[in-house]
Every structure is written in C-alpha cells, then in structure tokens.
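Every number for a ligand or one of its atoms is a count from 1 in the order of the listing.
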Amino acid sequence: MPRFDGREWNEIRKISIELDIVPNAAGSAIFKFGETWALAIVDGPKPGKMSAGFEEGLLRVRYDMLPFSVPERKKPGQGRREIELSEIIQRALKPAIFLDELHGSIIDVYVQILNADAGTRTAGINAASLALALAGIPMKDLVIAVAVGKVGERIVIDLNKEEEDYDSEKLKNDPEKSKFIEYYGEGKATDIPVAILPSERKFTIIQLDGEIERENLKKALNLALEKSIEIREIMKKAILNKYESLKLPRI
Ligand code: UDP
C-alpha cells in the first residue's frame with residue numbers, strides 16, 4: 001500500500017511550470033509541486049542607490065503566503081516565519097549567482113505562495129531559480145530544492161502536509177487513516193528541505209525539523225541528490241521550450 005496520496009516513497013508530486021507570466025517583470029515563473037504553488041518574480045538587476053560603489057551585486061528575497069493559500073486563513077503580511085523563510089531562500093539561491101559580475105546592482109526576488117500543501121520554501125526556490133534564469137541573471141546552474149524526510153519509519157521525498165503532520169499515535173484513533181500506519185510505521189515526521197546545485201552535487205541549504213538516524217539521513221540526502229537531477233531536467237526543458245538556445249552546464 002502506498003502513501004496517503006498514492007505515491008511511492010521516492011515519487012515527487014506532479015510538477016507543473018508556467019514561465020514569464022508577468023509582462024513588466026524581468027523574469028517570472030510559477031512552480032507547482034502538486035497542490036503547493038509558488039509564484040516568483042524577479043525585478044532587476046537594477047542600479048542600487050546606496051550600493052553603487054560595491055564590488056558585488058545584492059540579492060534580496062521576500063517570501064510571503066497569500067491569506068487564502070492555507071486552510072486556516074493566514075494573517076496578511078510577513079510574520080516571523082515569512083521573514084526567516086525569505087532569508088533561507090536567499091541563502092539557497094545566492095551560491096548559484098555570479099554576484100561579482102553585478103557590481104552594485106540589486107536583484108529583488110518576490111516569492112508569493114498561491115496555494116500551500118507543505119514544501120512552500122522548496123517550490124519557492126525552484127520558482128525563483130526559473131525566474132532568475134529568465135531574467136538573464138548570470139548563474140552557475142539552476143538551484144533545485146526538494147524536501148526529503150522520514151515519516152514514521154519510512155524515508156520519503158516531497159512530503160505533503162498530511163505527511164508533515166504524521167503521528168502514528170493520533171492516527172490509531174482514526175478509522176479511515178489508521179491503515180496507513182502499516183505503510184509508514186510508528187512515530188512522527190522529520191522534514192528535511194534541501195536546495196542543491198546539481199552540476200556540482202553541492203547542497204546550498206539543508207534544514208532539518210525532527211530527528212533522524214545518521215544512516216537514514218544519508219539515504220534521504222542521496223535520494224534528494226538523485227531526484228534533483230530529475231527536477232532540473234523538467235525545469236530545463238520548460239526553459240528550453242521557451243528559449244531554444246539557452247545553455248546550461250552538462251551534468
Ligand atoms: N502552513 C499553514 N499556515 C501557516 C504556515 C504554514 O497552514 O501560517 C502550512 C502550509 O501548508 C505549509 C506547511 O504548513 O506549506 C508547512 O510549513 P513550513 O513552515 O514547514 O514550511 P514549508 O514546508 O511550506 O516550506
């Protein structure tokens with residue numbers, strides 16, 4: 001018996017991509033992992049008023065979720081979580097960008113979550129990566145993000161909200177869902193969102209919420225590396241369909 005939504009342990013939710021949806025922006029993209037939808041918009045590079053003499057360009061990220069994107073309406077505007085996620089997404093993207101070629105310019109990336117079912121930071125990073133490429137920002141590679149983790153005793157990829165909230169003790173009292181304990185096993189969930197530069201097999205961020213054994217962590221990270229190449233192919237194809245001549249490093 002497979003996962004709550006019918007997937008296998010190493011199966012990512014359906015990916016959908018839309019490119020260049022905002023005419024006035026330098027680059028824009030929607031990236032969807034199933035019901036998690038992220039819109040990213042890039043403004044820039046543009047001259048920075050205060051940073052004209054700086055050697056490096058400046059990358060700024062603003063992440064937010066729309067109030068209706070979650071079942072329990074979210075208060076509009078950024079709170080602590082959204083400010084922290086903006087910083088995480090900035091750190092995930094920065095190592096890919098040749099900021100030293102962008103003397104004193106500013107790149108603003110706006111990540112807006114349209115619909116959320118867990119994994120909004122990873123969908124947001126992928127959307128931002130696409131929007132940056134479309135804006136012509138010089139990059140080493142696309143940054144690819146995905147969550148891996150342990151649900152009960154099982155390693156899985158791209159956790160949805162139901163999996164992130166997994167608790168076998170609570171499910172025991174649920175006549176419809178208790179059968180899933182047979183698949184996942186006992187325990188709670190550990191979510192590990194990561195971002196990867198696939199061409200260098202480098203992680204730009206690794207976050208971990210929960211507990212996991214060393215061996216399982218290795219297995220989960222290897223799964224993320226392997227799948228990042230698959231996700232990159234899908235993203236690359238979407239871009240190439242738009243711009244036949246765009247060159248990305250071979251991996
Ligand atoms: N979420 C929610 N309301 C909030 C914040 C989050 O319902 O105010 C849900 C949403 O589905 C989100 C998930 O909780 O995707 C997990 O949020 P988390 O902070 O772990 O980040 P994410 O997995 O989205 O990167």
Side-chain angles (χ1 to χ4, degrees), residues 3-5 7 9 11-17 29-41 61-94 109-131 142-152 154-167 170-171 177 184 187-196 203-212 217 220-221 223-224 227-228 231 235:
R3 294 160 71 176
F4 287 125
D5 58 6
R7 282 181 290 156
W9 68 282
E11 198 179 334
I12 299 163
R13 287 175 284 183
K14 183 175 184 289
I15 292 176
S16 317
I17 293 169
I30 290 179
F31 183 97
K32 301 178 184 173
F33 273 137
E35 297 297 305
T36 294
W37 299 9
L39 162 70
I41 298 173
V61 175
R62 187 188 164 90
Y63 163 103
D64 205 356
M65 282 202 316
L66 289 166
F68 56 81
S69 65
V70 281
E72 200 170 315
R73 200 181 159 78
K74 181 195 156 282
K75 196 171 156 236
Q78 283 190 312
R80 232 180 85 176
R81 172 182 175 276
E82 289 72 31
I83 291 170
E84 188 181 322
L85 284 185
S86 303
E87 175 69 25
I88 297 293
I89 296 172
Q90 197 265 4
R91 289 194 198 189
L93 297 169
K94 199 176 166 191
V109 180
Y110 300 93
V111 175
Q112 195 55 260
I113 303 305
L114 310 175
N115 207 74
D117 181 25
T120 62
R121 82 196 65 190
T122 52
I125 291 166
N126 293 338
S129 216
L130 288 163
L142 293 168
V143 179
I144 308 296
V146 68
V148 280
K150 194 173 160 209
V151 177
R154 206 175 263 276
I155 299 296
V156 293
I157 193 155
D158 187 26
L159 288 70
N160 67 13
K161 182 72 175 145
E162 206 172 6
E163 291 182 320
E164 261 196 33
D165 294 342
Y166 185 84
D167 182 346
K170 283 189 188 148
L171 279 197
K177 296 280 164 75
Y184 292 108
K188 295 186 180 179
T190 298
D191 184 32
I192 313 169
V194 302
I196 295 170
F203 290 87
T204 60
I205 54 154
I206 299 179
Q207 297 192 285
L208 198 149
D209 183 11
E211 289 177 12
I212 192 163
L217 177 61
L221 294 180
L223 174 64
K227 290 286 168 174
S228 71
I231 301 170
M235 287 168 53

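- Rounded to the nearest 0.5 angstrom, Asp5 CG and Glu162 CD are separated by 8.0 Å.
- The number of heavy-atom neighbours closer than 6.0 Å to NZ of Lys188, taken from other residues, nucleotides and ligands shown, is 12 or below.
- Atom CG of Asn115 and atom OG1 of Thr36 lie 7.0 Å apart (nearest 0.5 Å).
- From Ile231, atom CD1 reaches atom CD1 of Ile157 across 6.0 Å, with rounding to the nearest 0.5 Å.
- For ligand 1, the polar-atom distance check finds no N/O of Glu72 at less than 3.5 Å from any of the ligand's N/O atoms.
- The distance from the CG atom of Asp191 to the NZ atom of Lys161 is 9.5 Å, given to the nearest 0.5 Å.
- For atom 13 (C) of ligand 1, the choice among Lys161, Lys75, Glu82 with the nearest heavy atom turns out to be Lys161.
- Of the protein's non-hydrogen atoms, Met65 CE, 3.5 Å is the one closest to atom 5 (C) of ligand 1.
- Taking the charged nitrogens against the carboxylate oxygens, Lys227 and Asp158 have no contact shorter than 4.0 Å, which rules out a salt bridge.
- Annotation: atom 2 (C) of ligand 1 to nearest protein heavy atom, Val70 CG1, 3.3 Å.
- Here the protein heavy atom with the shortest distance to atom 23 (O) of ligand 1 is Gly119 N, 2.9 Å.
- Arg3 is listed as a side-chain neighbour of Tyr184, based on a closest heavy-atom distance under 4.5 Å.
- Using a 4.0 angstrom heavy-atom cutoff, Ala118 counts as in contact with ligand 1.
- Taking CD1 of Ile155 as the reference point, atom CG of Leu221 lies at 9.5 Å (rounded to 0.5 Å).
- Ranking protein heavy atoms by distance to atom 25 (O) of ligand 1, first place goes to Arg121 NE, 2.8 Å.
- In terms of protein heavy-atom proximity, atom 24 (O) of ligand 1 is closest to Thr120 OG1, 2.5 Å.
- With hydrogens left out, the protein atom closest to atom 16 (C) of ligand 1 is Glu164 OE1, 3.3 Å, a heavy atom.
- Scanning Ala123, Pro71, Ala116, Gly124 for the heavy atom closest to atom 10 (C) of ligand 1 points to Ala116.
- By the criterion of a heavy-atom distance under 4.0 Å, neither the backbone nor the side chain of Ile113 is placed next to ligand 1.
- Summary of contacts: the protein heavy atom closest to atom 19 (O) of ligand 1 is Arg81 NE, 2.7 Å.
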